[in-house]
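The chain is numbered in sequence order, starting from 1.
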Amino acid sequence: MAEEPAKAALAAVMIGVPTAGALAQQRHRERAAGRHGTAAPTRAADGMPVRFLSGRDLKPGDPSSSATWWCAGTQVRRDRTAADLAADPGPYEKEGGGALRAVAAGARRWSCWPRAARTAVRLAVPAVAVSAWFGWWSAVAAVAVVLAFSGVAAAVTGPAVLGWWRPRPASADLVHGPGMWAALRPVLGVEERERRSRWLHLPEDVTVPGARVVVRLPAGWPGGEAGTRAVDTLVTGRLPGEWTAHWRRTVAAPFVEWVRNAAPETPRVLPKSVEWIPTGDPLRIHFGETLDGPAYVHTGTATPHIGVSGETGSGKSSIIYIPLVAARMAGWLITVIDPKQNSLSEAYGKSGVRIHTETYECCMAVAEFFVSMMAAEKYNSRRYRGYAGADAPIGRLLVIDEMPSFREFVAAWWKYIIKERGFPPVLIWIQLILMQGRSSNHRVVLGTHQFSLDVFGSTMARDQVGTKMVVGEVSAPSWAVAYGVSAPLVDYDETIQGRGVISLKGRRRKKTLADGRVERAEEIQYAYITPQVAGLLDACPPAPAWWEAGAPAPWITARDIARADSAAAVADFLPGGRYAGGREDLTPDTDTDAVLTQGSMPRSKPVSDVSGPVAASGGGAGTAVAADLAELADQVAAEGVEEQRYTIAQACAVGIIRKAPGAARQFKSAWIKAGKPFPEGEMVRGNACYTRAELESVFGAPEENADAA
């Protein structure tokens, strides 16, 4: 040292200073432990030489990075908050300024280097010192070159430049372990010399759902409500997210574990406007967008009909346009019942669409639709057996935009205009169409204020509406009658135009509730098709000539009318029937008369008699109609014609009873009160009917029962 002081000084600096610093740090830790009265456990792995050779921090205590022997690490920041941990770290920020700046940046992250690299540098420093002491300058140069090359290669290929290797992120045990254990140890009553790894387990990442944190409990720990609350707060208060604790105190080695709950799903927001998607299939119709994606209604199910509920002005007509246009694009024919005379205006005057506004015309249209359904059903069954009818039935759609209004119009017309008694059969036909129209491709779309039983007449008929839609604001009673009292109310923003709820049968994905029921109602943004209706209908193929002429369906034969009349009393409502004339004193609406011409079936051709349907069908029935007529004539001749029956009012009208109807009914009541037997008669369409002989047995011959009035 005296001969070569420069070398001695270099050796002292390169070897003595790190050694003295390490010893000073070790002494400082021992003094700190002594102040607490408990010495830290002595382990071979905690010795300074071992830490020096293994690349670990020379400073005793918890590591300052997550580096391992083979992998680089990231700096351990124990001052981060839960919000910092929950935030997305984002991409690694690269260092700019070239290789030298990258090397400098890498040197600043010394604690993040792989432990093998730190060991190599640590051993290289004394090697250079020893080589310089003995004058081995070639070895010094070689070591310096190797160190420089290694540093440049590590900096260039690292995440700051090329990104060939990535630093290992700090685990939760390194970040949260020391602070959590320092807080838990006095609460659990564990001595300081106990190692943290024996009592506390933290996963690598505490941000993933299902991560587990486990704390062993000392056998003598009293616990209690305050203790368990303190432990739970100390653990979950230092971790991001929501955790659920599971205490296991009854096992041989008691412990408590916390499992991270899954993050709540971000609800998808529906758009405020949806474009309609045509499918080309009238049995698969796109109606809008739900939280599960596009909503397609499949009307080929056992309950194929569609109902739309909503308050006035909520947009029911805009939704009804969708099935109307879809059916018309597929070649179907549309019958619209519009007694309000202000619905579906975009479809007025379009080919293939008949719009009826007068109440008696609406009843005629429903009657013709009902007979068409029965005839198509017969045709489909015979075609299966090889029967070839005159004209193949075409799919048809009956649209009633305001079903409650139509019911009231019919009731008022039936009672006060034509002054009939009993129940109007028109409403019965609608129920039968709902229950039997599926197999004959006769579908129904109803608009209503709510799906109450009064609108449909029976629960069985209402259940045939398989797709129930609600648009706009809905009240609690309306929701209950639509989806059931137990159905959970779907919360949606009714202030958005076109927002509502739809129930879709046959959806592949269904949300099952906690009690096992299936939630069918979904929030939906209905497609807005109104501006496109006129153009889409104009682009459809033209309707058949018989439809444009206003004639009934050509597959309806005289026998079909006779059978339908015998079952549901429709003949009087068909064109030419006694209820099909309307009121002659109405002033024509000259502004819309031309538009409604093709929407009204002509009333000049009677179809209530046997020869009427042949003329009204436009000659399309051919030989099949003649065969049906011959078959009907043979049956009438074989069975005989039943004697005509009359109601009291009808008997007064034809002169069998020469009294006013009111006087005749009073005579009947007095006859019965006197104890005299009155004929039972026969109920026909809800009215008691009697033969001429039965009436004369009570009232006498016409020339004898004249009323003085």
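- Nearest approach of Ser440 to Met373, heavy atoms of both residues: OG-CG, 3.3 Å.
- In this model, a donor atom of one side chain and an acceptor atom of the other lie less than 3.5 Å apart for Ser351 and Glu548.
- When the side-chain contact (heavy atoms from CB on, under 4.5 Å) test is applied to Ile418, the partners found at least two apart in sequence or on another chain are Trp413, Trp414, Glu420, Tyr579.
- With sequence neighbours excluded, the residues that form a ring-ring contact (aromatic ring centres under 6.0 Å, His included) with His442 are Phe369.
- Side-chain atoms of Asp560 and Tyr379 include no donor-acceptor pair closer than 3.5 Å.
- With a 4.5 Å cut-off on side-chain heavy atoms, Tyr492 and Val474 count as touching.
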- Carefully, step by step, assess Glu522 and Val490 under the rule side chain to side chain contact (heavy atoms under 4.5 Å, CB included). CA-CA 7 Å; Glu522 304 175 71; Val490 176; over 6 Å; no

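- Qualifying side-chain contact (heavy atoms from CB on, under 4.5 Å) partners for Ser475, counting only residues two or more places apart in sequence or in other chains: Pro477, Ser478.
- Distance alone, capped at 3.5 Å, places no donor-acceptor pair between the Tyr528 side chain and the Gln497 backbone.
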- For the pair Ile337 and Val399, evaluate side chain to side chain contact (heavy atoms under 4.5 Å, CB included) and give the outcome as yes or no after the intermediate values. CA-CA 6 Å; Ile337 304 301; Val399 178; over 6 Å; no

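- Of the possible polar contacts, none joining the Ser309 side chain to the Phe451 backbone as a donor-acceptor pair under 3.5 Å is found.
- Evaluation of the salt bridge (charged side-chain N to carboxylate O under 4.0 Å, His left out) rule for Arg692 yields Glu696 as partners, not counting sequence neighbours.
- With rounding to the nearest 0.5 angstrom, the CH2 atom of Trp332 is 4.0 Å from the CG atom of Asn441.
- The minimum heavy-atom distance between Cys363 and Phe573, with the atom names listed, is CB-CD2, 4.0 Å.
- Side-chain atoms of Thr335 and His356, non-hydrogen and from C-beta on, do get closer than 4.5 Å to each other.
- Between the CE atom in Met469 and the CG atom in Leu446 there is a gap of 11.5 Å [rounded to 0.5 Å].
- The backbone N or O of Arg645 sits nowhere less than 3.5 Å from a side-chain atom of Thr691 that would complete a donor-acceptor pair.
- The two atoms that bring Asp338 and Tyr348 nearest to each other are OD2-OH, 3.1 Å, heavy atoms only.
- When all heavy atoms of Ala534 and Glu346 are compared, the closest pair comes out as CB-OE1, 4.1 Å.
- His286 contributes no side-chain N or O that, together with a main-chain N or O of Tyr296, makes up a donor-acceptor pair within less than 3.5 Å.
- For Glu289, the salt bridge (charged side-chain N to carboxylate O under 4.0 Å, His left out) criterion is met by Arg268, not counting sequence neighbours.
- Residues Glu361 and Thr359 form no side-chain contact, since every pair of their non-hydrogen atoms from C-beta on lies 4.5 Å or further apart.
- Comment: Glu494 does not engage Arg499 in a salt bridge, judged by the lack of any side-chain N to carboxylate O separation of less than 4.0 angstrom.
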- Message: Between Cys362 and Phe406, does the side chain to side chain contact (heavy atoms under 4.5 Å, CB included) criterion hold? Intermediate values first, please.
- Response: CA-CA 9 Å; Cys362 295; Phe406 177 59; 3.6 Å; yes

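- Looking at every heavy atom in both residues, Gly681 comes nearest to Glu694 through CA-OE1, 4.0 Å.
- Checked by atom type and distance alone, the side chain of Trp555 never pairs as donor or acceptor with a backbone atom of Ala375 at under 3.5 Å.
- A 4.5 Å side-chain heavy-atom check between Cys652 and Tyr646 finds every atom pair outside the cut-off.
- The salt bridge (charged side-chain N to carboxylate O under 4.0 Å, His left out) analysis of residues 535-546, with sequence neighbours excluded, yields the pairs Lys350-Asp538.
- For Arg396, the salt bridge (charged side-chain N to carboxylate O under 4.0 Å, His left out) criterion is met by Glu368, not counting sequence neighbours.
- Checking side-chain atoms of Ser503 against main-chain N and O of Lys468 turns up a donor-acceptor pair under 3.5 Å.
- No donor-acceptor pair closer than 3.5 Å links the side chain of Arg443 to the backbone N or O of Gly395.
- Residues passing the side-chain contact (heavy atoms from CB on, under 4.5 Å) test with Pro278, sequence neighbours excluded: Trp276, Met329.
- You'll find the side chain of Met374 stays beyond 4.5 Å of the side chain of Val371, heavy atoms only.
- The ring-ring contact (aromatic ring centres under 6.0 Å, His included) search around Tyr690 returns Phe678, not counting sequence neighbours.
- Every side-chain contact (heavy atoms from CB on, under 4.5 Å) that Pro323 has, sequence neighbours left out, goes to Ile285, Phe287, Ile306, Val445.
- Side-chain atoms of Ser318 and Thr530 form a donor-acceptor pair, as typed in the model, at a separation below 3.5 Å.
- Considering Ile334, Val533, Leu324 as possible partners of Leu344, the one that fulfils the side chain to side chain contact (heavy atoms under 4.5 Å, CB included) test is Leu324.
- Remark: Glu402 engages Lys316, Lys340 in a salt bridge (charged side-chain N to carboxylate O under 4.0 Å, His left out) (not counting sequence neighbours).
- In this structure, the side chains of Arg407 and Leu427 come closer than 4.5 Å at one or more pairs of heavy atoms.
- Separation of atoms CG (Leu695) and CD (Gln650) is listed at 10.5 Å; rounding is to 0.5 Å.
- Note: Leu536 CG to Ile322 CD1 = 11.0 Å, rounded to the nearest 0.5 Å.
- With hydrogens and angles disregarded, no donor-acceptor distance shorter than 3.5 Å links the side chain of Arg559 to the backbone of Arg563.
- Here the CD1 atom belonging to Ile648 is positioned 5.5 Å from the NZ atom belonging to Lys668, to the nearest 0.5 angstrom.
- With a 4.5 Å cut-off on side-chain heavy atoms, Ile417 and Tyr360 do not count as touching.
- Between Ile502 and Val297 there is a side-chain heavy-atom pair separated by less than 4.5 Å.
- Closest of all the heavy-atom pairs between Ala521 and Val501 is CB-CG1, 3.6 Å.
- Side-chain contact of Asp292 with Thr290: a donor-acceptor pair under 3.5 Å is absent, judged by distance alone.
- Sorted by first then second residue, the salt bridge (charged side-chain N to carboxylate O under 4.0 Å, His left out) pairs that include residues 294-315, not counting sequence neighbours, number zero.
- Note that the CE atom of Met403 and the CD1 atom of Ile400 stand 5.0 Å from one another [nearest 0.5 Å].
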